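Computed from a prediction, not measured in an experiment: that's the story for all the values here. For the numbers below, each heavy atom of this structure counts, side chains included, while hydrogens, waters and symmetry mates do not. Below, chains carry the letters A, B, ... as their sequence lines are ordered, and counting in each starts from 1.
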Amino acid sequence: MKPSIPKGTRDFLPSEVYKREYIFNIIKRVFQKYGYVPIETPTMENLETLTGKYGEEGDRLLFKVLNNGDFLAKADKDALGAMDSKKLTSSISKRGLRYDLTVPFARYVVQHQNDLQLPFKRYQIQPVWRADRPQRGRYHEFYQCDVDVVGSDSLMYEAELVQIYDEVFRSLGLEVEVLVNNRKVLFGFAEALGLEDKFMPMTICLDKLDKIGPEKVIIELEKSGIEKSKGEKLLDFITVKTLDELEAKFENAPTGLAGIKELRQFHSYLNQSQSHNTISFDPSLARGLNYYTGCIFEVKAKGVNMGSIGGGGRYDDLTSVFGLKDISGVGVSFGFARIFDVMEELKLFPKDIGNKTQILIASFSEGALIYSFELGTELRKAGISCDIYPSAAKMKKQLNYANKKAIPFVVIIGEDEISSGQWQLKNMVSGEQMKFDTAGLIKYLSN
RNA sequence: GUGGUUGUAGCUCAGCUGGUUAGAGCGCCUGAUUGUGGUUCAGGAGGUCGUGGGUUCGAAACCCAUCUUCCACCCCA
């Protein structure tokens with residue numbers, strides 16, 4: 001049998017896991033500093049929790065888990081006879097793999113509302129699954145890293161999350177630009193142009209601006225039933241640079257004005273001069289997801305051509321479908337896979353990442369193995385990370401093992417060393433050899 | 001979900017219009033060097049040519065199906 005894994009999934013080598021954990025650890029440290037706590041939710045949710053939350057497209061991409069037991073006996077016979085897969089699904093599958101972390105979190109908040117102190121600040125790093133067609137950087141299984149706060153509509157949290165972005169990327173050594181906009185401002189465009197009923201398609205087209213260019217955006221808008229003159233006006237709107245300029249154009253747009261007010265308050269919390277990265281207002285920023293209702297964010301890395309490496313925003317009513325009304329939330333997520341790629345491209349991972357083993361103990365004879373194990377025990381007791389070669393293989397092979405694993409020191413044990421009690425320590429970089437007894441070796445390696 | 005693309009040794013890839021024993025580089029193993037790695041030299045192992053059908057005297061090559069890879073849409077991380 002040829003070994004294989006399912007389409008769109010990946011194995012990770014030790015070096016990749018080390019790098020991933022390097023990123024995770026920095027992110028977690030920042031989250032905890034800002035008072036966010038970790039939670040986890042199950043891999044599987046009830047299908048009814050997930051369906052209908054991501055639009056029709058999202059439902060298609062949900063992985064469904066087949067019921068156990070004699071599932072066909074309980075299947076919808078009409079749907080089965082009619083070969084209607086969509087209709088059949090609900091009778092043979094009651095669970096699905098989580099599609100993102102936000103909807104399970106909304107369910108979690110409602111379910112545990114009596115145990116949670118609001119505002120509740122949580123972070124969550126877990127894999128999610130989507131039955132999309134895989135491509136590079138697009139998998140069936142991938143990690144998401146979300147940080148959210150629910151139970152407060154204070155714009156202080158928008159400012160806090162942007163600070164978190166700033167601090168995380170600074171710690172990772174990445175320079176980024178944080179783009180900020182507000183869905184109410186976008187709605188203001190629709191109000192000003194009399195396009196309130198076309199708001200959704202308008203934002204979807206606008207979101208493609210930097211990808212397809214202004215001419216094609218106008219064509220797309222026309223396809224959605226927005227006439228060319230209004231499309232041109234819309235593109236004219238988004239050329240504004242400041243909130244004051246925009247305010248002047250929003251005479252008949254009460255929601256738009258409310259959005260401007262929110263952005264002003266957000267900026268008053270943030271002291272720009274304290275930010276390491278650029279934070280800029282971008283009226284064309286739209287974000288695809290429609291549950292956002294207030295401020296929205298997107299993060300782009302400077303110096304590389306890569307899509308956004310993070311994003312998020314304010315959502316006013318995500319918990320109401322689970323029966324809890326008037327809970328406002330705001331959150332952002334980190335695009336882990338892309339951050340990984342950008343850091344790889346810019347060579348930002350520390351060089352010694354993953355080289356945790358300090359020393360290898362090599363043996364010249366079978367009789368030396370017992371001494372090797374004993375020495376290893378002593379070194380480990382002293383907190384030195386060491387690896388013991390398990391046989392008296394050819395020295396060439398043992399030293400090669402150390403080279404492959406980038407272990408910087410090898411201690412060599414043979415008959416001479418055993419009788420004298422002086423171990424040979426070899427520096428694998430310089431090739432130098434020195435003699436130590438056990439105590440001296442520990443002292444030398446502890447420096 | 002739509003249209004395309006890819007699959008040959010552990011890895012990266014050659015392999016002509018179908019023709020006899022399927023190749024290279026790197027890696028791996030062995031030896032030169034029976035107590036010392038990275039260099040060098042010599043030798044060696046390793047392949048159901050993604051899988052299943054078909055066409056043919058003959059298929060890695062042509063046809064069909066299927067899986068996989070990557071790409072453009074859709075959508076998104």
Side-chain angles (χ1 to χ4, degrees), chain A residues 1-10 13 54-62 85-86 98-102 125-146 200 203-205 207-208 211-212 216 220 223 286-291 298-301 306-312 332-342 360-368 389 392-420 423-435:
Chain A
M1 177 177 164
K2 203 173 180 175
S4 67
I5 55 174
K7 167 157 76 166
T9 64
R10 294 160 293 166
L13 294 170
Y54 309 103
E56 209 172 312
E57 188 70 14
D59 284 355
R60 188 171 62 74
L61 300 179
L62 281 174
S85 306
K86 212 170 165 184
R98 74 168 101 77
Y99 177 90
D100 71 357
L101 301 178
T102 308
I125 303 174
Q126 287 188 278
V128 302
W129 291 266
R130 295 184 190 177
D132 211 346
R133 185 166 292 201
Q135 281 176 29
R136 185 225 294 273
R138 241 183 141 170
Y139 302 97
H140 279 172
E141 179 187 57
F142 60 97
Y143 272 90
Q144 277 202 336
C145 169
D146 278 24
M200 290 248 298
T203 57
I204 290 169
C205 293
D207 200 32
K208 297 178 180 170
K211 200 174 174 185
I212 63 176
K216 285 192 177 169
E220 290 266 321
K223 276 187 205 160
R287 305 271 314 151
L289 289 171
N290 282 308
Y291 52 64
E298 201 155 291
V299 184
K300 290 197 160 135
M306 181 82 67
S308 73
I309 57 174
V332 296
S333 93
F334 290 77
F336 165 73
R338 283 183 178 174
I339 293 172
F340 188 103
D341 289 346
V342 171
L360 174 76
I361 302 174
S363 311
F364 266 122
S365 64
E366 292 295 321
Y389 204 88
K394 288 231 160 63
M395 196 42 60
K396 177 172 178 161
K397 199 168 179 178
Q398 300 191 55
L399 294 175
N400 261 329
Y401 176 86
N403 282 334
K404 285 277 158 60
K405 291 188 71 174
I407 300 172
F409 291 102
V410 174
V411 68
I412 298 172
I413 298 184
E415 299 310 320
D416 298 351
E417 287 77 11
I418 292 168
S419 54
S420 70
W423 317 120
Q424 291 266 12
L425 178 74
K426 186 179 183 73
N427 180 320
M428 293 301 283
V429 179
S430 66
E432 272 180 294
Q433 295 197 183
M434 287 179 278
K435 285 191 175 184

(message) For A/Ile5 and A/His140, find the nucleotide of RNA chain B closest to each by heavy atoms; which residue's nucleotide sits nearer the 5' end?
(response) A/Ile5
(request) For nucleotides B/G50 and B/U69, find the distance between their P atoms and express it as a whole number of Å. (result) 16 Å
(message) Side-chain N or O of A/Arg136 versus OP1/OP2 of B/U69: is the shortest distance under 4.0 Å?
(response) no
(request) Between B/U36, B/A77, B/C73, spot the one nearest the side chain of A/Lys426, thanks. (result) B/U36
(message) Tell me which nucleotide, if any, is Watson-Crick or G-U wobble paired with B/U36 when both distances must be under 3.5 Å.
(response) none
(request) Answer yes if the side chains of A/Tyr139 and A/Asp132 hold a donor-acceptor pair under 3.5 Å, and no otherwise. (result) no
(request) Can you figure out which of B/C74, B/G35, B/A72 approaches the side chain of A/Glu57 most closely? (result) B/C74
(message) Could you check whether any side-chain N or O of A/Ser430 sits under 3.5 Å from a backbone N or O of A/Glu432, counting only pairs where one atom can act as donor and the other as acceptor?
(response) yes
(message) Let's test this: given Watson-Crick or G-U wobble pairing with both distances under 3.5 Å, identify the partner of B/C70.
(response) B/G4
(message) Taking the C1' atom in each of B/U8 and B/G15, what is the distance between them to the nearest angstrom?
(response) 9 Å
(message) Would the distance check show the side chain of A/Arg130 and the main-chain N or O of A/Leu61 forming a donor-acceptor pair, the cut-off being under 3.5 Å?
(response) no
(request) Assign A/Val429 to base, sugar-phosphate, or nothing according to its heavy-atom contacts below 4.0 angstrom with the strands shown. (result) base
(message) Under 3.5 Å for both donor-acceptor distances, Watson-Crick or wobble: does B/U20 have a partner, and if so which one?
(response) none
(request) Remember a base hit wins even if backbone is also touched, and classify A/Gly55 as base, sugar-phosphate or nothing at under 4.0 Å, heavy atoms. (result) nothing
(message) Can you tell me if A/Lys396 touches the phosphate of B/C29, counting only side-chain N or O atoms and a distance under 4.0 Å to OP1 or OP2?
(response) no
(request) Output yes when at least one side-chain N/O atom of A/Lys404 is less than 4.0 Å from OP1 or OP2 of B/C28, else no. (result) yes
(message) Nearest to the A/Lys394 side chain among B/C75, B/G31, B/U2, which nucleotide is it?
(response) B/G31
(message) Starting the side chain at C-beta, find the nucleotide from B/C76, B/U36, B/U2 nearest to A/Arg130.
(response) B/C76
(request) Would you mind reading off the distance between A/Arg60 atom CZ and B/C74 atom P, rounded to a whole angstrom? (result) 13 Å
(request) Select one nucleotide: of B/C29, B/G1, B/A77, the one nearest the side-chain heavy atoms of A/Lys397. (result) B/C29
(request) Say whether A/Ser333 and A/Gln144, considering side chains only, have a donor N or O and an acceptor N or O under 3.5 Å apart. (result) no
(message) Please report the distance separating the P of B/C70 from the corresponding atom of B/U36, rounded so that it comes out in whole Å.
(response) 46 Å
(request) Searching all strands shown, indicate the nucleotide that pairs with B/A65 (Watson-Crick or G-U wobble; both distances under 3.5 Å). (result) B/U51
(request) Examine the base of B/G37 for any acceptor or donor lying under 3.5 Å from a partner atom in the side chain of A/Asn403, and report the outcome as yes or no. (result) yes
(message) Is it the case that the base of B/U36 and the side chain of A/Gln433 share a donor-acceptor contact (distance under 3.5 Å, atom types as modelled)?
(response) yes
(message) Both distances below 3.5 Å, Watson-Crick or wobble geometry, any strand: find the nucleotide opposite B/G44.
(response) B/C28
